[in-house]
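This one's a predicted model, so the numbers in the text were calculated from it and none came from an experiment. To find a chain, count down the sequence lines: A is the first, B the second, and so on, and within it residues start at 1.
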There are 2 protein chains.
Amino acid sequence: MSHLGYCRLMAVDREHVLRSAAALLTRRPTATMDEVAKAAGISRATLHRHFAGRDALVRALEALGIEECEAALDAARLAEGPAREAVGRLVREVEPAAGLLAFLYSENQLFEGDQNEGWTRIDDRVAALFRRGQATGEFRIDLTPAWLTEALYGLLASGAWAVSEGRVAAKDFTFMIVELLLGGALRHPERHSEQPREES
Amino acid sequence: MSHLGYCRLMAVDREHVLRSAAALLTRRPTATMDEVAKAAGISRATLHRHFAGRDALVRALEALGIEECEAALDAARLAEGPAREAVGRLVREVEPAAGLLAFLYSENQLFEGDQNEGWTRIDDRVAALFRRGQATGEFRIDLTPAWLTEALYGLLASGAWAVSEGRVAAKDFTFMIVELLLGGALRHPERHSEQPREES
DNA sequence: CTTGAGTGAGACATCAATGTCTCATCTGGG
DNA sequence: CCCAGATGAGACATTGATGTCTCACTCAAG
(Lines give C-alpha, C1' and ligand atoms only; values in the text may rest on other atoms or scores of the structure.)
Protein backbone atom coordinates (compact mmCIF):
# COMPACT_ATOMS: atom_id res chain seq x y z
CA MET A 1 0.00 0.00 0.00
CA SER A 2 3.04 2.16 -0.14
CA HIS A 3 2.27 3.85 -3.39
CA LEU A 4 -1.51 3.85 -3.39
CA GLY A 5 -1.64 4.73 0.28
CA TYR A 6 0.61 7.66 -0.30
CA CYS A 7 -1.56 9.09 -3.02
CA ARG A 8 -4.80 8.66 -1.13
CA LEU A 9 -3.42 10.26 1.99
CA MET A 10 -2.24 13.22 -0.01
CA ALA A 11 -5.65 13.54 -1.57
CA VAL A 12 -7.36 13.52 1.82
CA ASP A 13 -4.93 16.10 3.14
CA ARG A 14 -5.33 18.30 0.12
CA GLU A 15 -9.07 18.00 0.43
CA HIS A 16 -8.93 19.07 4.06
CA VAL A 17 -6.70 22.05 3.25
CA LEU A 18 -9.06 23.11 0.50
CA ARG A 19 -12.05 22.86 2.80
CA SER A 20 -10.53 25.03 5.52
CA ALA A 21 -9.25 27.49 2.95
CA ALA A 22 -12.72 27.74 1.50
CA ALA A 23 -14.23 28.25 4.94
CA LEU A 24 -11.72 30.96 5.84
CA LEU A 25 -11.70 32.80 2.53
CA THR A 26 -15.48 32.80 2.54
CA ARG A 27 -15.36 34.94 5.66
CA ARG A 28 -12.19 36.91 4.89
CA PRO A 29 -11.49 36.99 1.16
CA THR A 30 -8.18 38.80 1.74
CA ALA A 31 -6.76 36.30 4.21
CA THR A 32 -3.01 35.73 3.99
CA MET A 33 -1.36 32.48 2.95
CA ASP A 34 -0.14 32.43 6.54
CA GLU A 35 -3.67 32.59 7.86
CA VAL A 36 -4.85 29.99 5.38
CA ALA A 37 -2.09 27.66 6.55
CA LYS A 38 -2.87 28.32 10.19
CA ALA A 39 -6.57 27.73 9.57
CA ALA A 40 -5.73 24.36 8.01
CA GLY A 41 -3.47 23.50 10.93
CA ILE A 42 -0.35 23.26 8.78
CA SER A 43 2.69 25.42 8.21
CA ARG A 44 3.10 27.82 5.35
CA ALA A 45 5.85 25.63 3.95
CA THR A 46 3.55 22.64 3.73
CA LEU A 47 0.82 24.76 2.22
CA HIS A 48 3.27 25.77 -0.47
CA ARG A 49 4.10 22.12 -1.06
CA HIS A 50 0.45 21.46 -1.86
CA PHE A 51 -0.27 24.65 -3.82
CA ALA A 52 2.48 26.47 -5.68
CA GLY A 53 1.07 29.85 -4.70
CA ARG A 54 -1.99 31.84 -3.95
CA ASP A 55 -3.05 31.69 -7.57
CA ALA A 56 -2.85 27.93 -7.59
CA LEU A 57 -4.87 27.80 -4.38
CA VAL A 58 -7.61 29.98 -5.80
CA ARG A 59 -7.59 27.96 -9.00
CA ALA A 60 -7.98 24.79 -6.96
CA LEU A 61 -10.82 26.37 -5.02
CA GLU A 62 -12.41 27.37 -8.29
CA ALA A 63 -12.11 23.81 -9.54
CA LEU A 64 -13.64 22.57 -6.31
CA GLY A 65 -16.50 25.04 -6.63
CA ILE A 66 -17.15 24.01 -10.20
CA GLU A 67 -17.03 20.37 -9.19
CA GLU A 68 -19.52 20.83 -6.38
CA CYS A 69 -21.71 22.94 -8.59
CA GLU A 70 -21.87 20.30 -11.26
CA ALA A 71 -22.48 17.64 -8.64
CA ALA A 72 -25.40 19.72 -7.38
CA LEU A 73 -26.67 20.15 -10.93
CA ASP A 74 -26.54 16.40 -11.42
CA ALA A 75 -28.19 15.62 -8.09
CA ALA A 76 -30.97 18.10 -8.79
CA ARG A 77 -32.00 16.25 -11.98
CA LEU A 78 -32.89 19.49 -13.72
CA ALA A 79 -34.54 17.78 -16.65
CA GLU A 80 -37.11 15.93 -14.54
CA GLY A 81 -40.49 17.13 -13.38
CA PRO A 82 -41.75 20.70 -13.21
CA ALA A 83 -39.02 23.30 -13.72
CA ARG A 84 -39.99 25.12 -10.55
CA GLU A 85 -39.38 22.04 -8.47
CA ALA A 86 -36.08 21.50 -10.23
CA VAL A 87 -35.08 25.01 -9.17
CA GLY A 88 -35.94 24.11 -5.60
CA ARG A 89 -33.87 20.95 -5.76
CA LEU A 90 -30.99 22.85 -7.30
CA VAL A 91 -30.87 25.47 -4.56
CA ARG A 92 -31.14 22.82 -1.89
CA GLU A 93 -28.31 20.80 -3.40
CA VAL A 94 -26.10 23.82 -3.89
CA GLU A 95 -26.67 25.25 -0.43
CA PRO A 96 -23.67 23.56 1.25
CA ALA A 97 -21.38 25.14 -1.34
CA ALA A 98 -23.03 28.55 -1.29
CA GLY A 99 -20.33 30.17 0.85
CA LEU A 100 -17.58 28.98 -1.44
CA LEU A 101 -19.54 30.03 -4.50
CA ALA A 102 -20.13 33.49 -3.05
CA PHE A 103 -16.38 33.86 -2.57
CA LEU A 104 -15.65 32.71 -6.10
CA TYR A 105 -18.43 34.90 -7.44
CA SER A 106 -16.87 38.09 -6.10
CA GLU A 107 -13.40 36.80 -6.91
CA ASN A 108 -14.44 36.42 -10.52
CA GLN A 109 -15.28 40.10 -10.67
CA LEU A 110 -11.60 40.77 -10.02
CA PHE A 111 -10.16 38.59 -12.72
CA GLU A 112 -10.45 40.08 -16.14
CA GLY A 113 -10.76 38.06 -19.27
CA ASP A 114 -9.88 34.42 -18.87
CA GLN A 115 -12.75 32.89 -16.96
CA ASN A 116 -12.79 29.17 -16.48
CA GLU A 117 -14.87 27.41 -19.09
CA GLY A 118 -16.43 25.33 -16.34
CA TRP A 119 -18.52 28.31 -15.35
CA THR A 120 -19.92 28.76 -18.81
CA ARG A 121 -20.90 25.09 -18.85
CA ILE A 122 -22.71 25.62 -15.56
CA ASP A 123 -24.28 28.81 -16.84
CA ASP A 124 -25.58 26.90 -19.82
CA ARG A 125 -27.14 24.16 -17.72
CA VAL A 126 -28.85 26.63 -15.41
CA ALA A 127 -30.03 28.79 -18.28
CA ALA A 128 -31.35 25.67 -19.99
CA LEU A 129 -33.45 24.94 -16.93
CA PHE A 130 -35.03 28.37 -17.05
CA ARG A 131 -35.53 28.04 -20.77
CA ARG A 132 -37.30 24.73 -20.23
CA GLY A 133 -39.53 26.36 -17.66
CA GLN A 134 -40.41 29.04 -20.15
CA ALA A 135 -41.14 26.46 -22.82
CA THR A 136 -43.49 24.56 -20.55
CA GLY A 137 -45.25 27.78 -19.63
CA GLU A 138 -44.20 27.67 -16.00
CA PHE A 139 -41.92 30.71 -16.15
CA ARG A 140 -42.56 34.11 -17.64
CA ILE A 141 -40.92 34.83 -20.92
CA ASP A 142 -40.24 38.52 -20.39
CA LEU A 143 -37.25 37.76 -18.14
CA THR A 144 -34.39 36.26 -20.12
CA PRO A 145 -32.85 32.95 -19.02
CA ALA A 146 -29.49 34.75 -18.81
CA TRP A 147 -30.90 37.24 -16.34
CA LEU A 148 -32.66 34.58 -14.30
CA THR A 149 -29.34 32.75 -14.10
CA GLU A 150 -27.49 35.86 -12.97
CA ALA A 151 -30.24 36.62 -10.50
CA LEU A 152 -29.98 33.14 -9.03
CA TYR A 153 -26.24 33.61 -8.52
CA GLY A 154 -26.81 37.00 -6.92
CA LEU A 155 -29.44 35.66 -4.58
CA LEU A 156 -27.22 32.73 -3.61
CA ALA A 157 -24.38 35.12 -2.79
CA SER A 158 -26.66 37.51 -0.93
CA GLY A 159 -28.16 34.65 0.97
CA ALA A 160 -24.80 33.19 1.92
CA TRP A 161 -23.55 36.55 3.18
CA ALA A 162 -26.77 37.34 4.98
CA VAL A 163 -26.59 33.99 6.75
CA SER A 164 -22.92 34.36 7.62
CA GLU A 165 -23.64 37.76 9.16
CA GLY A 166 -26.64 36.48 11.04
CA ARG A 167 -29.16 38.62 9.22
CA VAL A 168 -31.20 35.60 8.20
CA ALA A 169 -31.46 32.15 9.77
CA ALA A 170 -29.42 29.43 8.07
CA LYS A 171 -32.39 27.09 8.04
CA ASP A 172 -34.36 29.55 5.90
CA PHE A 173 -31.67 29.81 3.24
CA THR A 174 -33.20 27.56 0.60
CA PHE A 175 -36.75 28.61 1.31
CA MET A 176 -36.08 32.32 1.01
CA ILE A 177 -34.05 32.09 -2.14
CA VAL A 178 -36.44 29.77 -3.93
CA GLU A 179 -39.55 31.64 -2.83
CA LEU A 180 -38.18 35.01 -3.86
CA LEU A 181 -36.74 33.82 -7.13
CA LEU A 182 -39.87 31.98 -8.17
CA GLY A 183 -42.68 33.81 -6.46
CA GLY A 184 -41.35 37.30 -5.86
CA ALA A 185 -42.21 39.61 -3.04
CA LEU A 186 -45.79 40.37 -4.05
CA ARG A 187 -48.45 38.69 -2.02
CA HIS A 188 -51.43 38.64 -4.31
CA PRO A 189 -51.51 36.59 -7.50
CA GLU A 190 -52.59 39.63 -9.48
CA ARG A 191 -49.87 40.25 -11.99
CA HIS A 192 -49.09 43.84 -12.89
CA SER A 193 -48.51 44.95 -16.47
CA GLU A 194 -45.45 43.70 -18.29
CA GLN A 195 -44.68 47.25 -19.32
CA PRO A 196 -44.59 48.99 -15.97
CA ARG A 197 -42.55 51.96 -17.08
CA GLU A 198 -44.05 55.35 -17.64
CA GLU A 199 -42.67 56.78 -20.87
CA SER A 200 -39.91 59.27 -20.02
CA MET B 1 -13.39 85.23 -5.22
CA SER B 2 -9.95 84.06 -4.29
CA HIS B 3 -10.97 82.04 -1.31
CA LEU B 4 -14.44 80.89 -2.30
CA GLY B 5 -13.33 80.22 -5.84
CA TYR B 6 -10.46 78.13 -4.59
CA CYS B 7 -12.73 75.96 -2.49
CA ARG B 8 -15.30 75.45 -5.21
CA LEU B 9 -12.70 74.54 -7.78
CA MET B 10 -11.22 72.03 -5.40
CA ALA B 11 -14.63 70.55 -4.80
CA VAL B 12 -15.29 70.18 -8.50
CA ASP B 13 -11.92 68.60 -9.02
CA ARG B 14 -12.39 66.23 -6.13
CA GLU B 15 -15.80 65.32 -7.47
CA HIS B 16 -14.34 64.55 -10.87
CA VAL B 17 -11.59 62.39 -9.36
CA LEU B 18 -14.15 60.50 -7.31
CA ARG B 19 -16.32 59.89 -10.36
CA SER B 20 -13.51 58.49 -12.45
CA ALA B 21 -12.25 56.41 -9.54
CA ALA B 22 -15.75 55.00 -9.09
CA ALA B 23 -16.00 54.21 -12.80
CA LEU B 24 -12.62 52.50 -12.84
CA LEU B 25 -12.92 50.58 -9.59
CA THR B 26 -16.35 49.39 -10.62
CA ARG B 27 -14.70 47.57 -13.52
CA ARG B 28 -11.42 46.67 -11.82
CA PRO B 29 -11.76 46.62 -8.03
CA THR B 30 -8.03 46.00 -7.62
CA ALA B 31 -6.87 48.95 -9.69
CA THR B 32 -3.70 50.65 -8.48
CA MET B 33 -3.51 54.19 -7.17
CA ASP B 34 -1.44 54.82 -10.28
CA GLU B 35 -4.23 53.62 -12.50
CA VAL B 36 -6.81 55.58 -10.56
CA ALA B 37 -4.72 58.72 -11.00
CA LYS B 38 -4.21 58.04 -14.69
CA ALA B 39 -7.93 57.39 -15.14
CA ALA B 40 -8.67 60.76 -13.55
CA GLY B 41 -6.09 62.45 -15.76
CA ILE B 42 -3.92 63.57 -12.84
CA SER B 43 -0.63 62.44 -11.36
CA ARG B 44 -0.30 60.12 -8.41
CA ALA B 45 1.13 63.00 -6.37
CA THR B 46 -1.97 65.11 -6.94
CA LEU B 47 -4.19 62.15 -6.17
CA HIS B 48 -2.38 61.83 -2.85
CA ARG B 49 -2.95 65.52 -2.20
CA HIS B 50 -6.69 64.95 -2.47
CA PHE B 51 -6.88 61.62 -0.67
CA ALA B 52 -4.33 60.67 1.94
CA GLY B 53 -4.26 57.07 0.72
CA ARG B 54 -6.21 54.26 -0.73
CA ASP B 55 -8.19 53.88 2.46
CA ALA B 56 -9.22 57.50 2.36
CA LEU B 57 -10.22 57.15 -1.28
CA VAL B 58 -12.39 54.14 -0.59
CA ARG B 59 -13.91 55.91 2.40
CA ALA B 60 -14.71 58.87 0.21
CA LEU B 61 -16.26 56.56 -2.37
CA GLU B 62 -18.26 54.95 0.38
CA ALA B 63 -19.49 58.35 1.52
CA LEU B 64 -20.39 59.18 -2.08
CA GLY B 65 -22.27 55.92 -2.44
CA ILE B 66 -24.17 56.51 0.78
CA GLU B 67 -24.96 60.04 -0.31
CA GLU B 68 -26.31 58.92 -3.69
CA CYS B 69 -28.21 56.11 -2.07
CA GLU B 70 -29.95 58.43 0.34
CA ALA B 71 -30.64 60.87 -2.46
CA ALA B 72 -32.29 58.03 -4.37
CA LEU B 73 -34.26 57.05 -1.27
CA ASP B 74 -35.48 60.61 -0.93
CA ALA B 75 -36.33 60.96 -4.60
CA ALA B 76 -38.24 57.69 -4.58
CA ARG B 77 -40.62 58.95 -1.86
CA LEU B 78 -40.86 55.52 -0.28
CA ALA B 79 -43.70 56.47 2.00
CA GLU B 80 -46.06 57.49 -0.80
CA GLY B 81 -48.41 55.33 -2.78
CA PRO B 82 -48.36 51.55 -3.13
CA ALA B 83 -45.21 49.96 -1.80
CA ARG B 84 -44.64 48.06 -5.01
CA GLU B 85 -44.52 51.27 -6.99
CA ALA B 86 -42.18 52.75 -4.43
CA VAL B 87 -39.84 49.81 -5.03
CA GLY B 88 -39.94 50.56 -8.73
CA ARG B 89 -39.13 54.21 -8.15
CA LEU B 90 -36.31 53.27 -5.81
CA VAL B 91 -34.63 50.94 -8.29
CA ARG B 92 -35.01 53.49 -11.06
CA GLU B 93 -33.49 56.24 -8.93
CA VAL B 94 -30.64 54.07 -7.72
CA GLU B 95 -29.76 52.71 -11.14
CA PRO B 96 -27.13 55.35 -12.03
CA ALA B 97 -25.25 54.49 -8.85
CA ALA B 98 -25.64 50.74 -9.19
CA GLY B 99 -22.09 50.17 -10.43
CA LEU B 100 -20.59 52.07 -7.54
CA LEU B 101 -22.86 50.31 -5.09
CA ALA B 102 -21.88 46.92 -6.47
CA PHE B 103 -18.24 47.80 -5.92
CA LEU B 104 -18.89 48.95 -2.36
CA TYR B 105 -21.08 45.92 -1.74
CA SER B 106 -18.28 43.48 -2.45
CA GLU B 107 -15.77 45.79 -0.79
CA ASN B 108 -17.82 45.64 2.39
CA GLN B 109 -17.45 41.87 2.46
CA LEU B 110 -13.72 42.48 2.85
CA PHE B 111 -13.84 44.85 5.77
CA GLU B 112 -14.60 43.18 9.02
CA GLY B 113 -16.39 44.84 11.87
CA ASP B 114 -16.62 48.59 11.57
CA GLN B 115 -19.17 49.20 8.87
CA ASN B 116 -20.27 52.73 8.22
CA GLU B 117 -23.43 53.60 10.09
CA GLY B 118 -24.78 55.20 6.93
CA TRP B 119 -25.45 51.75 5.54
CA THR B 120 -27.51 50.71 8.53
CA ARG B 121 -29.58 53.88 8.12
CA ILE B 122 -30.16 52.95 4.49
CA ASP B 123 -30.91 49.35 5.45
CA ASP B 124 -33.51 50.61 7.87
CA ARG B 125 -35.22 52.78 5.31
CA VAL B 126 -35.38 50.01 2.73
CA ALA B 127 -36.52 47.45 5.27
CA ALA B 128 -39.18 49.90 6.43
CA LEU B 129 -40.50 50.05 2.88
CA PHE B 130 -40.86 46.29 2.72
CA ARG B 131 -42.42 46.26 6.16
CA ARG B 132 -44.93 48.85 5.02
CA GLY B 133 -45.75 46.72 2.00
CA GLN B 134 -46.36 43.77 4.27
CA ALA B 135 -48.56 45.85 6.54
CA THR B 136 -50.71 46.99 3.62
CA GLY B 137 -51.02 43.42 2.41
CA GLU B 138 -49.10 44.03 -0.81
CA PHE B 139 -46.11 41.89 0.10
CA ARG B 140 -46.03 38.40 1.50
CA ILE B 141 -45.15 38.08 5.13
CA ASP B 142 -43.19 34.84 4.97
CA LEU B 143 -40.14 36.63 3.58
CA THR B 144 -38.58 38.89 6.19
CA PRO B 145 -37.94 42.56 5.41
CA ALA B 146 -34.27 41.96 6.20
CA TRP B 147 -34.07 39.26 3.56
CA LEU B 148 -35.97 41.31 0.99
CA THR B 149 -33.49 44.12 1.62
CA GLU B 150 -30.50 41.83 1.16
CA ALA B 151 -32.08 40.33 -1.92
CA LEU B 152 -32.57 43.78 -3.42
CA TYR B 153 -28.89 44.56 -2.88
CA GLY B 154 -27.88 41.25 -4.39
CA LEU B 155 -30.06 41.78 -7.45
CA LEU B 156 -28.72 45.31 -7.88
CA ALA B 157 -25.16 44.02 -7.80
CA SER B 158 -25.94 41.09 -10.10
CA GLY B 159 -27.73 43.42 -12.47
CA ALA B 160 -24.88 45.92 -12.53
CA TRP B 161 -22.33 43.19 -13.25
CA ALA B 162 -24.50 41.50 -15.84
CA VAL B 163 -24.94 44.81 -17.64
CA SER B 164 -21.25 45.68 -17.45
CA GLU B 165 -20.39 42.31 -18.98
CA GLY B 166 -23.01 42.64 -21.65
CA ARG B 167 -25.12 39.71 -20.49
CA VAL B 168 -28.22 41.86 -20.20
CA ALA B 169 -29.12 45.10 -21.93
CA ALA B 170 -28.60 48.25 -19.88
CA LYS B 171 -32.07 49.51 -20.76
CA ASP B 172 -33.66 46.47 -19.11
CA PHE B 173 -31.84 46.96 -15.83
CA THR B 174 -34.67 48.47 -13.79
CA PHE B 175 -37.35 46.35 -15.42
CA MET B 176 -35.65 43.05 -14.77
CA ILE B 177 -34.73 43.79 -11.18
CA VAL B 178 -38.14 45.11 -10.23
CA GLU B 179 -40.04 42.40 -12.04
CA LEU B 180 -38.01 39.60 -10.53
CA LEU B 181 -37.97 41.05 -7.03
CA LEU B 182 -41.69 41.73 -6.97
CA GLY B 183 -43.20 39.15 -9.29
CA GLY B 184 -40.69 36.32 -9.35
CA ALA B 185 -39.97 33.98 -12.20
CA LEU B 186 -43.25 32.07 -12.17
CA ARG B 187 -45.66 32.90 -14.90
CA HIS B 188 -49.02 31.85 -13.55
CA PRO B 189 -50.65 33.64 -10.65
CA GLU B 190 -51.19 30.34 -8.88
CA ARG B 191 -49.17 30.58 -5.71
CA HIS B 192 -47.59 27.41 -4.47
CA SER B 193 -47.78 26.39 -0.83
CA GLU B 194 -45.84 28.44 1.69
CA GLN B 195 -44.36 25.22 2.99
CA PRO B 196 -42.94 23.79 -0.21
CA ARG B 197 -40.40 21.58 1.47
CA GLU B 198 -40.85 17.89 1.67
CA GLU B 199 -40.27 16.82 5.25
CA SER B 200 -36.62 15.90 5.95
C1' DC C 1 17.90 0.70 15.29
C1' DT C 2 18.08 2.98 10.88
C1' DT C 3 16.25 5.35 7.24
C1' DG C 4 13.67 8.40 4.53
C1' DA C 5 9.64 10.98 3.56
C1' DG C 6 6.96 14.61 5.35
C1' DT C 7 6.70 18.38 8.24
C1' DG C 8 7.35 22.86 11.12
C1' DA C 9 9.99 26.77 11.97
C1' DG C 10 12.31 30.31 10.40
C1' DA C 11 15.71 32.88 7.59
C1' DC C 12 16.23 35.16 3.62
C1' DA C 13 15.34 37.58 -1.26
C1' DT C 14 11.81 39.46 -4.21
C1' DC C 15 8.22 42.19 -5.69
C1' DA C 16 4.41 45.25 -6.00
C1' DA C 17 1.97 48.86 -4.02
C1' DT C 18 2.19 52.55 -1.14
C1' DG C 19 3.51 56.86 1.15
C1' DT C 20 6.79 60.70 1.18
C1' DC C 21 9.84 63.75 -0.63
C1' DT C 22 12.08 67.08 -3.93
C1' DC C 23 12.28 69.88 -7.90
C1' DA C 24 11.02 71.85 -12.30
C1' DT C 25 7.11 73.72 -14.61
C1' DC C 26 2.84 76.01 -15.40
C1' DT C 27 -0.64 79.51 -14.57
C1' DG C 28 -3.41 83.24 -12.95
C1' DG C 29 -3.57 87.39 -10.17
C1' DG C 30 -1.14 91.36 -8.42
C1' DC D 1 7.12 91.37 -14.78
C1' DC D 2 6.80 88.74 -10.43
C1' DC D 3 5.04 85.54 -7.30
C1' DA D 4 2.32 82.10 -4.87
C1' DG D 5 -0.17 78.03 -5.35
C1' DA D 6 -0.94 73.85 -7.78
C1' DT D 7 0.70 70.38 -10.58
C1' DG D 8 3.56 66.56 -12.93
C1' DA D 9 7.43 63.75 -12.93
C1' DG D 10 10.23 61.00 -10.66
C1' DA D 11 13.38 59.32 -6.92
C1' DC D 12 13.35 57.01 -2.56
C1' DA D 13 12.24 54.32 1.62
C1' DT D 14 8.75 51.39 3.64
C1' DT D 15 5.68 47.85 4.13
C1' DG D 16 3.32 43.53 3.55
C1' DA D 17 2.73 39.43 1.10
C1' DT D 18 4.95 36.08 -1.39
C1' DG D 19 8.18 32.49 -3.03
C1' DT D 20 12.34 29.83 -1.94
C1' DC D 21 15.60 27.83 0.82
C1' DT D 22 17.76 25.33 4.79
C1' DC D 23 17.70 22.68 8.92
C1' DA D 24 16.03 20.04 12.73
C1' DC D 25 12.38 17.05 14.14
C1' DT D 26 8.89 13.28 13.94
C1' DC D 27 7.28 8.94 12.84
C1' DA D 28 6.33 4.85 10.62
C1' DA D 29 8.26 1.20 7.60
C1' DG D 30 12.01 -1.73 6.90
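The separation between A:Leu57 atom CG and D:dT18 atom C1' is 13 Å, rounded to whole Å. Rounded to whole Å, the distance from CZ on A:Arg14 to C1' on C:dT7 is 18 Å. A:Leu47 places its CG atom 10 Å from the P atom of C:dG8, with the value rounded to the nearest Å. Distance, B:Asp13 CG to D:dG8 C1': 14 Å, rounded to whole Å. Protein atom NZ of A:Lys38 is 12 Å distant from nucleotide atom P of D:dA17, rounded to whole Å. Spacing between atom CD1 of A:Ile42 and atom C1' of C:dA5 amounts to 16 Å, rounded to whole angstrom units.
The shortest distance between side-chain heavy atoms of B:Leu100 and B:Tyr105 does not fall below 4.5 Å. Residues A:Arg27 and A:Phe103 have side chains not in contact (no heavy-atom distance under 4.5 Å, counting atoms from C-beta outward).
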Per-nt protein contacts along nucleotides 17-24 of chain C (heavy atom under 4.0 Å; B base, S backbone sugar-phosphate only, - none) come out as SBBB----

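With respect to B:Glu150 and A:Arg167, a salt bridge is recorded, a charged nitrogen being found less than 4.0 Å from a carboxylate O.
Side-chain N or O atoms of A:Trp147 include one that pairs as donor or acceptor with a backbone N or O of B:Met176 at under 3.5 Å.
For residues 120-131 of chain B, the pairs satisfying salt bridge (charged side-chain N to carboxylate O under 4.0 Å, His left out) are B:Glu70-B:Arg121, B:Asp74-B:Arg125, with sequence neighbours left out.
OP1 or OP2 of D:dG8 lies within a sub-4.0 Å distance of a side-chain N or O belonging to B:Thr46.
Residues satisfying the ring-ring contact (aromatic ring centres under 6.0 Å, His included) test with B:Phe51, not counting sequence neighbours, are none.
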